[in-house]
Amino acid sequence: METSTDSLLSTSNAGDELKIKVVGLGGAGTNAVDGLKLDDLGEAGRVQLAAINTDAQALSNSPIAEKLVIGRSVTRGLGTGGEVDIGKKAAEADRDAIAQLIGDVDLIILVVGLGGGTGSSAATVVAEVAAKTGALILAFVALPFSFEGARRKRIAEDSVGELRQLVHGLIPLPNDVLLQEGEEDTSVLNAFALANRWIGRGVNSLCAILLKTGLINQDISSVRSVFNECGGRSIFGTGSATGGDYVKDALEDLFICPLLHMGDRPSQLDRLLVNIVGGTDLGIAKVNEIMSMVSKRFNSRDDIVFGAVIDESRSATLEICVLGKVGIDDSRPVAPTAAAPQTAPVSLSEGLLLDPEIAKDERPPRRVHTSKLSKKKKIPDVDQEEFLFVDTNAQRGYFDKTDRNLYNDEDLDVPTFMRKGIKIKIKV
Amino acid sequence: MSDTRVVGAVEIGTTKVVVLLGEIVGDEGLNIIGHSICSSKGIKKGVINDLNAASDCVHATIMQAEENAKSRIDEVYLAQTGSHLEGNFNVGTTNVSSSDNIVREIDIEQAKQDAKRRKLPQKRTFIHHIQNPFALDGQPVDSPLSHEARQLQVGYWSVHGDSSKVSDSLRVIRGIDLDVSDMIISSIASGVVLLEDSEKESGALVVDLGGGTTDYVLYQNGYIVKTGVVPVGGDHITNDLSIGLRVRRKSAEEFKVKNGRAYYQSSDREEKVWLIGDLTIGDREYPLAAITKIIEARVSEIFTIIKEQLQEAALYVPADIACGVVLTGGSSQLAGIDECARRTFGLDARVSEGPLDVAPELRGPGYSTALGLLHYALTGQEDRQRSTKPTGILRRLTGLLSLE
C-alpha cells in the first residue's frame with residue numbers, strides 16, 4: 001500500500017529517440033505487464049513500463065516502476081469489486097494523474113484485461129487522455145472466457161466497442177481462443193498466463209521492430225501507416241520455431257496461429273506489418289523466402305510492411321509476428337479529440353512505398369485488391385458497426401453480416417468447442 | 001386441361017435452392033414432372049441477406065426446373081425457415097350456444113376464432129395456425145360436431161415470423177412473376193412426408209438438419225404439438241472446423257464430408273487424416289480426434305437445444321415420443337449423427353430413408369421439404385373440396401401479407 005505512489009519516475013532520456021510506453025491497466029493488465037520480459041530494450045530505458053489500478057494492494061505487489069493508483073477518493077484504494085461505474089468514476093477523478101503518467105511518448109501500448117471493473121472502464125479514459133498527446137496508441141485486450149459468464153462478457157464487449165474508436169489498433173485476445181494454444185490439460189490459471197505470453201510476444205516484436213537495428217528497418221511512421229486511423233479491426237498473430245527447418249516450421253506455426261483463424265480472416269486483410277526476428281544465420285535470402293510466403297498467404301503484397309531484425313544472441317531460430325488491420329473502410333478518421341497525426345500522409349508513402357500521388361489522395365490508398373469484405377458493404381456501415389459491434393465479432397468470421405445468434409446469452413455462431421472450452425489438439 | 005395445375009414447390013435453403021414441379025390432375029393425385037437443385041447465394045442461416053443474389057439463383061433454379069419438366073408453373077408453394085420463426089400454443093374457448101348443448105358448426109368456428117384472436121406485435125406475421133385436438137368439457141375429442149357439452153375448447157400451435165423476412169422471400173418469387181399460394185414451414189413439410197400416420201400417432205420428433213438452420217417438428221397423438229428452428233446447421237460445423245483446424249472453409253468442408261463423425265471415440269486420438277492426401281507441399285496431418293471432437297460439440301449442442309426447448313414446453317416425455325427421432329436434411333448424412341442424437345435425446349434415433357413412394361432420386365434428404373410442400377399443395381386442394389380434415393393445416397396466406 002505504502003509503496004504505491006502517485007508519483008512517477010522522471011522519464012530520463014529526452015531528445016529525438018523514440019519512446020515507447022507500455023501501460024498495464026487493472027489487475028489483469030498489470031499482471032501482463034509485470035510478466036513482460038523486454039530483454040535489453042527495457043534496460044536501455046527506451047521502453048517504459050507503467051501500471052494503473054484502483055486496487056492499491058494489488059499494485060503494491062507489482063515490480064513495475066511507474067505505478068498509479070486511481071480513484072482513491074472513490075474507492076479508498078480498494079478496487080472496484082467488478083463495478084464498471086466505480087471504475088469509470090475512479091479514472092475520471094484522476095485524469096490529470098493519468099496524463100502525467102503517460103507523459104510524452106511516441107507509442108503507447110495499452111495492455112488490459114476486459115470484463116472486470118477497472119480495466120473495462122478506465123481503458124477508455126486512459127485512451128482518451130493518451131489520444132490528446134498525439135501518440136500512436138495500440139491496445140492489447142484480453143477478453144474473458146465464455147465460462148466467466150454473460151455479465152463479464154457484455155462488459156468486455158461494450159468496452160471494446162468504445163475503445164476501438166479511440167485507439168489506432170485494438171488487438172483482441174479472446175481467452176477462449178488462446179486456450180486452444182496450450183497443452184491438452186491446460187488449466188485456467190495457465191490459460192491466463194498464456195494470454196500474457198501472447199501479449200509479451202506482440203509487445204516485444206513491436207518494440208524490436210522499432211528499436212533494434214536489423215536487416216530491414218522500420219520506423220514509427222511505417223507502424224503509423226498500418227494503424228493510421230482509429231476504428232476498424234486489427235489482427236495479430238505470431239509463429240516461432242527453433243532448429244531443424246525453422247523457416248518452414250515458423251511459417252507453419254504462424255499460419256496455424258489461432259488468432260489468425262477466427263473465420264477466413266487472412267484473405268480479408270487490408271494492411272499488415274510483418275516483423276521477423278531471427279538469429280545470426282538469418283540471411284536476406286531466407287528473409288525473402290519468408291516475405292513471399294507471408295504475402296502469398298495474406299493475399300496483399302502491396303499492403304505489407306516488412307521488418308527483419310537479427311538477435312545476435314540466438315541462432316537457428318525464427319519468430320514471425322504479424323500485426324495488421326482489416327476492414328479499413330469501416331474505420332473512421334482519428335477520434336475527434338485526438339490531435340491528428342500529422343505524419344499520416346507522408347508516412348503512408350514511405351511505409352507502403354506507394355506512388356506519392358496515390359498517397360496524397362484522401363482516401364485510404366488501397367484499391368488494388370478489393371477484399372470480399374468491402375464488396376459486401378454497399379450500405380453505410382459505420383453506424384451499423386457501432387451497433388452490432390462487439391468484439392467477439394472478430395470470431396464471427398463467416399457469419400459476419402448476419403444477425404447475432406443468441407441463445408441463453410451465448411452466441412451460437414461462435415464455435416461450440418470454443419465456448420465450452422474444449423481443447424482441440426491439431427498438431428500430430 | 002381445366003383440372004390440371006402445375007405447382008412449384010420452392011425451398012430457398014441456406015445451402016441450396018430446391019424446386020420440384022408437380023402436376024396435380026383433379027383429385028387423381030400428383031405427378032412429379034420436374035426438379036432442379038442449385039447452390040444458394042445470398043442466404044445465411046435460412047434468411048435472405050442479399051436479395052439480388054438470392055433472387056438470381058432462385059429464378060435460375062425455377063427456370064431450370066421448368067425446362068426439365070417442359071412445363072410452366074401456375075402457382076408456388078414456398079417453404080419458410082429461419083430463427084425469426086416462433087410459435088405459441090393458444091387455446092380457444094367457447095360456451096356451446098344452443099340450449100340443448102349440442103355442438104354445432106358455429107360453435108366450432110367460434111372456438112377456432114377465439115384461439116386465433118391473439119394479436120401479434122407489429123412486424124410479425126402468422127404463417128400457420130395448426131389445429132390440435134378439441135376438448136369437450138375438458139375431454140379431448142377429434143371431432144366435436146353433434147356431441148353434447150357445455151364448453152368447447154380447441155388448441156392451436158401458431159407459428160409466426162418476422163414480416164419483412166417473410167416478405168423478402170415472397171418478393172423473390174414475385175420477382176419472376178409467380179404467385180405464392182401458400183407458405184409452409186420447412187419442418188412441417190419434411191415431417192409430413194417422412195412419417196407414417198402411425199408414427200405421428202405414437203409420437204415422433206423430426207429433425208431437419210440443413211445448411212444454416214435445424215428445423216424440427218414434434219408429433220404427438222397425430223397432431224403437431226410443437227415446431228421450432230435452431231439457427232445452426234451444417235455451415236456452423238464447417239465454420240467450427242475451419243476455425244478449430246485453422247484451414248480454409250473448403251478444406252473444412254472436405255474434412256466434414258470425408259472424415260467427419262458426429263461423436264468422438266477415444267481411438268480417434270491415434271488416427272491421423274491428411275488435409276489433401278497427395279503428399280504435396282502444404283499438406284498436413286491432423287488427428288481425427290480434432291475433427292470428431294469439434295463436430296460432436298456442435299451437433300450435440302444442436303440436439304441439446306431442441307431437447308431443452310421441448311422440456312420447457314413440458315413436451316419432452318419419452319413415452320409420448322415412442323417412435324423416437326427421425327433425422328433428415330443435408331447434414332443428416334454426417335456419419336454417426338443418429339448415435340449422437342440417441343445419446344443426447346435419450347431416445348431412439350434413425351436417419352430417414354426418405355419417402356418410399358417417390359422416385360429413388362427424390363428420396364434423398366435434400367428433397368423432403370419440397371416433397372412436403374407438394375403434399376400440401378395436393379391435400380390443400382382436398383381440404384377445400386371436403387371441408388373437413390383432421391389436420392387442417394393450411395391457411396391461405398396470400399393477401400394477408402402486404403408486400404409494400
Side-chain angles (χ1 to χ4, degrees), chain A residues 174 176-177 179-181 184 237 239 248 251-267 293 296-297 372 375-379 394-408 410-428, chain B residues 14 42-47 49-50 52-53 82-84 162 165 212-213 230-232 235-250 252 264 269-274 281-282 284-302 304-305 308-309:
Chain A
D176 285 344
V177 177
L179 181 71
Q180 293 298 324
E181 259 308 86
E184 200 125 345
K248 180 173 166 280
L251 280 167
E252 194 147 288
D253 195 40
L254 172 72
F255 295 156
I256 64 166
C257 171
L259 289 171
L260 294 176
H261 287 271
M262 304 193 283
D264 277 350
R265 307 302 284 173
S267 58
M293 287 290 286
K296 199 170 135 201
R297 178 64 174 220
K372 282 187 220 152
K375 265 188 228 156
K376 277 189 225 149
K377 273 172 219 137
K378 288 169 202 146
I379 329 141
Q395 287 176 34
R396 288 173 59 73
Y398 181 73
F399 298 104
D400 229 7
K401 298 288 163 199
T402 64
D403 290 350
R404 302 205 82 194
N405 212 342
L406 293 179
Y407 178 79
N408 287 348
E410 287 185 35
D411 185 348
L412 296 181
D413 290 339
V414 175
T416 317
F417 72 91
M418 241 175 219
R419 277 180 283 120
K420 307 258 185 256
I422 299 170
K423 276 284 278 292
I424 306 297
K425 184 171 164 272
I426 63 165
K427 284 173 192 163
V428 175
Chain B
T14 310
I43 296 147
K44 277 191 182 165
K45 290 183 273 184
V47 172
N49 65 354
D50 180 339
N52 289 334
S83 60
H84 63 97
D162 182 294
K165 283 174 178 147
T213 61
V230 182
V232 177
D235 272 1
H236 289 81
I237 302 176
T238 306
N239 192 51
D240 293 0
L241 286 171
S242 158
I243 291 172
L245 305 177
R246 297 152 219 174
V247 296
R248 289 170 194 278
R249 280 190 74 78
K250 193 171 154 280
Y264 161 79
R269 295 166 75 101
E270 310 309 321
E271 203 168 323
K272 312 276 181 268
V273 291
W274 287 92
I281 294 166
R284 267 180 62 87
E285 240 185 339
Y286 291 85
L288 183 59
I291 296 170
T292 53
K293 272 186 180 177
I294 290 171
I295 301 179
E296 180 185 70
R298 177 59 84 178
V299 176
S300 62
E301 183 182 55
I302 296 174
T304 303
I305 290 172
E308 281 169 7
Q309 292 183 350

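Everything numeric in this text was worked out from a predicted model, so none of it was measured.
- In this structure, B/Ser242 and B/Arg248 approach most closely via the heavy-atom pair OG-C, 4.2 Å.
- Side chains of B/Glu308 and A/Tyr407: a donor-acceptor N/O pair is present below 3.5 angstrom, by distance only.
- Heavy-atom distances place the side chain of A/Ile422, and not its backbone, under 4.5 Å from chain B.
- Nearest heavy-atom pair, A/Ile426 versus B/Gly244, reported as atom, atom and distance to 0.1 Å: CG2-O, 3.5 Å.
- Looking at B/Arg249 and B/Thr238, their side chains never bring a donor and an acceptor atom within 3.5 Å of each other.
- Taking B/Ser83, B/Ala290, B/Ser300 one by one and counting their heavy-atom pairs under 4.5 Å with chain A, the maximum is reached by B/Ala290.
- Both the backbone and the side chain of B/Ile305 come within contact range of chain A, with heavy atoms under 4.5 Å apart.
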